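What follows is a set of notes on a single structure, which appears directly below.
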Amino acid sequence: MFFEITNYIGIIAFAISGMLKGLKYKLDIFGVTVLGVTTAVGGGILRDMLLNEIPGSLLNERDAYLAIAISLVSYLFLHNKLEGSKKISRFIMISDALGLAAFTIIGAEKGVNANLGPFSTAVMATLTGVGGGVIRDLLVSEIPFVLKEDIYAALCAVGGLLYWFLVLANQNMLGRENLAYGIFIVLFVIRLVAIKYKLNLPSKFREKEHENYKK
Amino acid sequence: MFFEITNYIGIIAFAISGMLKGLKYKLDIFGVTVLGVTTAVGGGILRDMLLNEIPGSLLNERDAYLAIAISLVSYLFLHNKLEGSKKISRFIMISDALGLAAFTIIGAEKGVNANLGPFSTAVMATLTGVGGGVIRDLLVSEIPFVLKEDIYAALCAVGGLLYWFLVLANQNMLGRENLAYGIFIVLFVIRLVAIKYKLNLPSKFREKEHENYKK
Amino acid sequence: MFFEITNYIGIIAFAISGMLKGLKYKLDIFGVTVLGVTTAVGGGILRDMLLNEIPGSLLNERDAYLAIAISLVSYLFLHNKLEGSKKISRFIMISDALGLAAFTIIGAEKGVNANLGPFSTAVMATLTGVGGGVIRDLLVSEIPFVLKEDIYAALCAVGGLLYWFLVLANQNMLGRENLAYGIFIVLFVIRLVAIKYKLNLPSKFREKEHENYKK
């Protein structure tokens, strides 16, 4: 139930991010909707394809309809307000962080259920969390943002790994659901902190820039 | 039988469009052939992967051989003529519209047979119709044309939706085959009209340009 | 056994090539690792998805761990040396050719085992050999190198075709394993010769440049 609601919040936030990317490239109403839907459900579709299943969002079309509705409504009525208002951009940011955390847990749960190992579970978590955004960026010929702002994807991977280890180590002691809630909160908080303080992983290049700066 | 022939026409038109894109980027004989084949059969492959089947064009290699032959022949002998002649470019345009309509129906039929809902059937129709072109554009780092000239993909989506609703509503009254022919003709005609009058879906940006123009 | 070892060599060479591509675009430690792993195992994953199987490198994580380790180590400790030293760049080149030959045979074997025809077996061989590099290039918005330096991919395709025909023609006379060794050596040698003499397939455009040059 909790993950169903946060899943919807994620769908909404991801659809809006796809729609905004479409606006940036001046796409038409169909193009922005395609980007919105793809961003919202593309990660899960990729994950299910890797698991050799018919993608869940094709079998149950609920998520897709939500993403279409949000893309259309936000394109037609909101996009001027979206860019101006600080309140709305904060609202989107928080929705995005909620969605990321929810998608990560959902993907990790899928991986554990399919008896995958830790690496592959982390891949499932990461694809579910950022796969839609990667497809979105590829469709507009940008280098996927997760390769640049890597803490975003690294959070998903670490969340997936953590879930895998704790499910295996914890067995029946804590209950899987509590684990899921725990990791969800950790991911959500770290994500917000990372945004607030513009944290990222270490990079040779940033270090160098730093050194140059010191000189 | 009818859809087999129009399918071949589509393969030919799509292979040529892939070959031409390869020429634009000065690719070699292997590169243009890869683009030709990918454009011709890539959409169907993507669709079958989503339906969790081994792609039909890998199991039956007929379409692939046709696409390879067309790519090679048109690269080696025709491409100077292709660009000059108005007759040939009109012939390609009509083949392309025939292929688009045929691919859309074939994809929609696949979706209905797999018991998918209306959205997913529209996705199958659209992927079959324009998926190859999307892969072609991604391979040369262009934003997929369907996101810009969106009426092309929107036609596939609407065709798929229409097919889904009519098959369900009509049951045994008209016969599925007649439905398929009917929608085929509608798609084909609209496509040609859209090309002739350069129609596209409404866009915020075009409207604005229009307004600027009026001032 | 032989193909297990050459497979590892290929994983190492491909992971390094992914890491170097990440460096070129100044990606962070997570980004270069993602590119390294994707380049190393992405082709096989694509192949298995087309064959409607859960990708082998998700079920057995060995290759992925090797690729992660190589990406991290080469990023952290070696990349300055990698670019300077002629010895190391020759070592990478030879590893790359070994890996390409091994991946091609592994992919072709998969295709033959799945009862695919010659075209599809060539596709399996080519995807296994160059698919990882294609995904790597798409992720950084470059036109995949195989479309430009096409002899690389053409070798895989011809190797796959050859394997298919010889397995079918030869039945029990020579033994599949000997066939595999034979084609492996041919591919490896041609690849090295092609690098040494900068061979490529004929291209309309190169011919033209040549003609201009003669004038």
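These numbers were taken from a predicted model, which means no experiment stands behind them. Lettering follows sequence order; numbering is per chain, from 1.
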Which atom of [X] lies closest to which atom of [Y], heavy atoms considered:
X	Y	result
F119(C)	L58(B)	CE2-CD2, 4.3 Å
S57(B)	S120(C)	O-OG, 4.4 Å
S141(C)	S141(B)	O-OG, 3.1 Å
K148(C)	D28(B)	O-OD2, 3.5 Å

Item to complete: Check the pair L147(C), Y25(B) against side chain to side chain contact (heavy atoms under 4.5 Å, CB included), reporting the backbone distance first and the verdict last.
Response: CA-CA 10 Å; L147(C) 291 179; Y25(B) 287 91; over 6 Å; no
Fill in: Region of V32(B) in contact with chain C, defined by heavy-atom distances below 4.5 Å
neither
Discussion item. Need one label for V140(B): side chain, backbone, both or neither, based on atoms under 4.5 Å from any heavy atom in chain C.
Written reply: both
Fill in: Options L51(C), D137(C), I143(C), ranked by heavy-atom pairs under 4.5 Å with chain B, top entry
I143(C)
Discussion item. Quick check for you: among P118(C), G111(C), P144(C), which has the greatest number of heavy-atom pairs under 4.5 Å with chain B?
Written reply: P118(C)
Pick one of side chain, backbone, both or neither for [X], based on which atoms fall under 4.5 Å of a heavy atom in chain B.
X	value
L138(C)	side chain
E53(C)	neither
A114(C)	neither

Worksheet item: Going through the distances and angles, do I54(B) and L50(C) end up as a side chain to side chain contact (heavy atoms under 4.5 Å, CB included)?
Response: CA-CA 6 Å; I54(B) 299 185; L50(C) 282 171; over 6 Å; no
Worksheet item: Any side-chain heavy-atom pair from V134(C) and L139(B) closer than 4.5 angstrom?
Response: yes
